[in-house]
2 protein chains.
Amino acid sequence: MAGSCFADRLAKHVPLSDVEKKALARLEENPRRVKRGAMIQRVNETVTELFVLRHGRVMSFVILPDGSRQILRVYFPGDFIGSASTVYSKAPESLVALDDAVVCPFDKHALRRLLEEFPRVAALLFLLSNAERVAMTDRLASLGRTSAKARVAAFLLDIFNRVRLTDDSITDSFDLKLTQEEIGDAIGLTSVHVNRMVRQMELEGLISRANGRISLLDIKRLEEIGHYTNRHKDMDLDWLPAA
Amino acid sequence: MAGSCFADRLAKHVPLSDVEKKALARLEENPRRVKRGAMIQRVNETVTELFVLRHGRVMSFVILPDGSRQILRVYFPGDFIGSASTVYSKAPESLVALDDAVVCPFDKHALRRLLEEFPRVAALLFLLSNAERVAMTDRLASLGRTSAKARVAAFLLDIFNRVRLTDDSITDSFDLKLTQEEIGDAIGLTSVHVNRMVRQMELEGLISRANGRISLLDIKRLEEIGHYTNRHKDMDLDWLPAA
DNA sequence: CGTGAGATTGATTTCTATCAAAATATGTGG
DNA sequence: CCACATATTTTGATAGAAATCAATCTCACG
């Protein structure tokens, strides 16, 4: 099963010194198993912890007063999650495991010490947070300005490309680990309509499905339909302070 | 006219040392006037600059292949803009002045030097970037899961509260400096429908309008309608390294 | 004044939600 | 390992929200 530590993930962008790697590894000293469906953090709860996700998948979401849910983000191994608690003492979003997962909680004061001692890591975290913000703007444009079909296409491509970041064995088919209702909650549609779109894309030969796995059969056309741009390709962090 | 430097804005969250303030002030050494409507940054252009917005207002947006526009964010004096160029060498979004404005461009290598020398500032920027990300998730939930009326209400409240951050004189009425078409592009609606919602809210006594200024007459109900939570209130950055 | 951008209103269409039911799949306790 | 309970997917019919199309109106400004 694909697992990924935070240091490795960061090192994919910028070379890290051994000291830095070791310091980052300390954030993951307390791995904790969580079962599929388990709540890792509840909205409005007082929080002082952040997490590195080591194994499995996690989603963040909010529930609106009318009961509807907006899934904000799906996280993969090596992702830094719950970063909102660096700024707010009450969690603005909930975190639930989509999978049997392993998360590594650490106190924000451990983060503070890391930031103090390793300015280069602080800078790197700043950059990655900016990258997250850009990912968010892509979703915003998708929700605000594109059709149901485009949203589904963009969402599938997004998950696909992020799965591939941590799992090289994947070429065109992958486990979504989300119900159609969850997909809908992520992209602002009802499960019924997600199903119609998925069905349609299947008929058109854009995707195929078999026991929970999705295959993207025509990535190029999916990218067109979803107005998708892969942001992972052209990240450029080399200008950072040298190690 | 309300202007605000970056250091002052940051100092509202955390006490800054004089050295730090001075270092931050150096980012603003090259103020540049831009006229209303002027493009500050064009999407896909190679960029190595970031900006602090000193005066006026700026918006970021993308244009989709079908010509529709998604406004991603409206920026106010003291905001740090164009942070995507810390991660991408081609701008993922365009920047246009909504106002006659003053921006202070600085090279990302100036930022690098700042981050190297002042880890505490690096940490602070990291936190503010996280706050931006949370603001983004609020908009995502708004676009994905709420009605046209709710979106308009939430949008007005958001702008209102952010205007107030830099201008204490404002109590309940403010200049939006956006056409109804732009509002629509920000919240995923057509200008026609924005107009209907605004009209309706006016009839219901929730807001009133006079020569471009908007007054929020019933903030409490607007917050309910828009499912709005003011995130500026309970930010907590005190746990950061001491000066 | 005339011109053009923006606001407003009405009529109609389109997309997506909602409601309802059936069909499949998944999981669990015995 | 089966049988039942529950969750998820699928399909159809209908309703509703917002888009689109098309004028008209208003107002700031050269």
Side-chain angles (χ1 to χ4, degrees), chain A residues 35-38 59 64 66-71 96 98-100 142-156 175-204 207-214 225, chain B residues 35-37 59 64 66-71 96 98-100 142-156 175-204 207-214 225-226:
Chain A
K35 288 232 186 67
R36 185 160 83 85
M59 66 173 176
L64 300 195
D66 69 348
S68 66
R69 172 176 68 176
Q70 176 67 46
I71 293 178
V96 161
L98 288 167
D99 228 351
D100 288 346
S142 183
L143 292 209
R145 282 292 179 236
T146 79
S147 69
K149 195 174 169 186
R151 290 186 220 175
V152 172
F155 186 72
L156 293 179
D175 258 314
L176 201 48
K177 304 196 199 235
L178 292 170
T179 65
Q180 294 179 355
E181 179 152 24
E182 287 165 336
I183 299 173
D185 286 348
I187 60 181
L189 299 172
T190 58
S191 60
V192 174
H193 207 58
V194 168
N195 180 267
R196 288 194 226 276
M197 295 300 107
V198 167
R199 232 63 245 305
Q200 189 187 324
M201 290 163 80
E202 202 174 22
L203 281 175
E204 291 172 3
I207 63 173
S208 71
R209 296 173 299 156
N211 43 298
R213 283 183 85 78
I214 296 214
I225 291 169
Chain B
K35 288 231 185 69
R36 187 160 82 85
M59 67 173 174
L64 300 196
D66 68 348
S68 65
R69 172 175 66 177
Q70 175 67 46
I71 294 178
V96 161
L98 288 167
D99 227 351
D100 287 347
S142 183
L143 294 210
R145 283 288 177 239
T146 77
S147 69
K149 195 172 170 189
R151 292 186 219 174
V152 172
F155 186 73
L156 293 179
D175 256 316
L176 201 47
K177 302 195 200 240
L178 292 170
T179 65
Q180 292 180 356
E181 179 154 22
E182 287 165 336
I183 299 174
D185 286 349
I187 59 181
L189 297 173
T190 59
S191 60
V192 174
H193 206 59
V194 168
N195 181 269
R196 287 194 228 275
M197 294 302 106
V198 167
R199 229 66 243 305
Q200 189 188 323
M201 289 163 80
E202 203 175 19
L203 282 176
E204 292 172 2
I207 62 173
S208 71
R209 294 173 301 155
N211 42 299
R213 283 184 82 79
I214 295 211
I225 290 169

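Chain identifiers are assigned alphabetically (A, B, ...) following the order of the sequence lines, protein sequences preceding nucleic acid strands; residue numbering begins at 1 within each chain. Just the heavy atoms: all of them, side chains too, but no hydrogens, waters or symmetry mates, feed the values below.
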### Query
Could you run down nucleotides 6-18 of chain D 5' to 3' and tag each one B, S or - for protein heavy-atom contact under 4.0 Å?
--SSBBBB----B
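- Computed from coordinates, the B:I183 CD1 to C:dA5 P distance equals 19 Å when rounded to whole Å.
- Between the CG atom of B:D185 and the P atom of C:dA7 there is a distance of 12 Å, rounded to whole Å.
- Counting heavy atoms from C-beta on, the side chains of B:V198 and B:M201 never come closer than 4.5 Å.
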Throw together a table of side-chain donor-acceptor distances under 3.5 angstrom for residues 187-194 of chain A, partners on residues two or more places apart or in other chains.
unit_1	atom_1	unit_2	atom_2	d
A:T190	OG1	A:H193	N	3.3

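- From one end of the helix from C:dC1-D:dG30 to C:dG30-D:dC1 to the other, with five pairs defining each end axis, the axis direction shifts by 50° (rounded to 10°).
- Annotation: side-chain hydrogen bond (donor to acceptor under 3.5 Å, both in side chains) contacts of A:R196 (sequence neighbours excluded): none.
- C:dA7 atom C1' lies 17 Å from atom CD of B:Q200, rounded to whole Å.
- Between B:K149 and B:Q200, the shortest heavy-atom distance links the atoms NZ-NE2, 3.2 Å.
- Only one option out of A:L143, A:D185, A:L64 pairs with A:Q70 in a side chain to side chain contact (heavy atoms under 4.5 Å, CB included); it is A:L143.
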### Task
At under 4.0 Å between heavy atoms, which parts of nucleotides 25-30 of chain D does protein reach? Answer with one letter per nucleotide, 5' to 3': B base, S sugar-phosphate only, - none.
------
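- Within a 6.0 Å radius of CZ in A:R209, other residues, nucleotides and ligands contribute more than 12 heavy atoms.
- What you find for B:R36 and B:D100 is that their closest heavy atoms are N-OD1, 2.8 Å.
- The shortest heavy-atom contact between A:S142 and A:A154 is OG-CB, 4.3 Å.
- For A:D66, the side-chain hydrogen bond (donor to acceptor under 3.5 Å, both in side chains) test picks out A:S68, with sequence neighbours left out.
- Within a 6.0 Å radius of CZ in B:R213, other residues, nucleotides and ligands contribute more than 12 heavy atoms.
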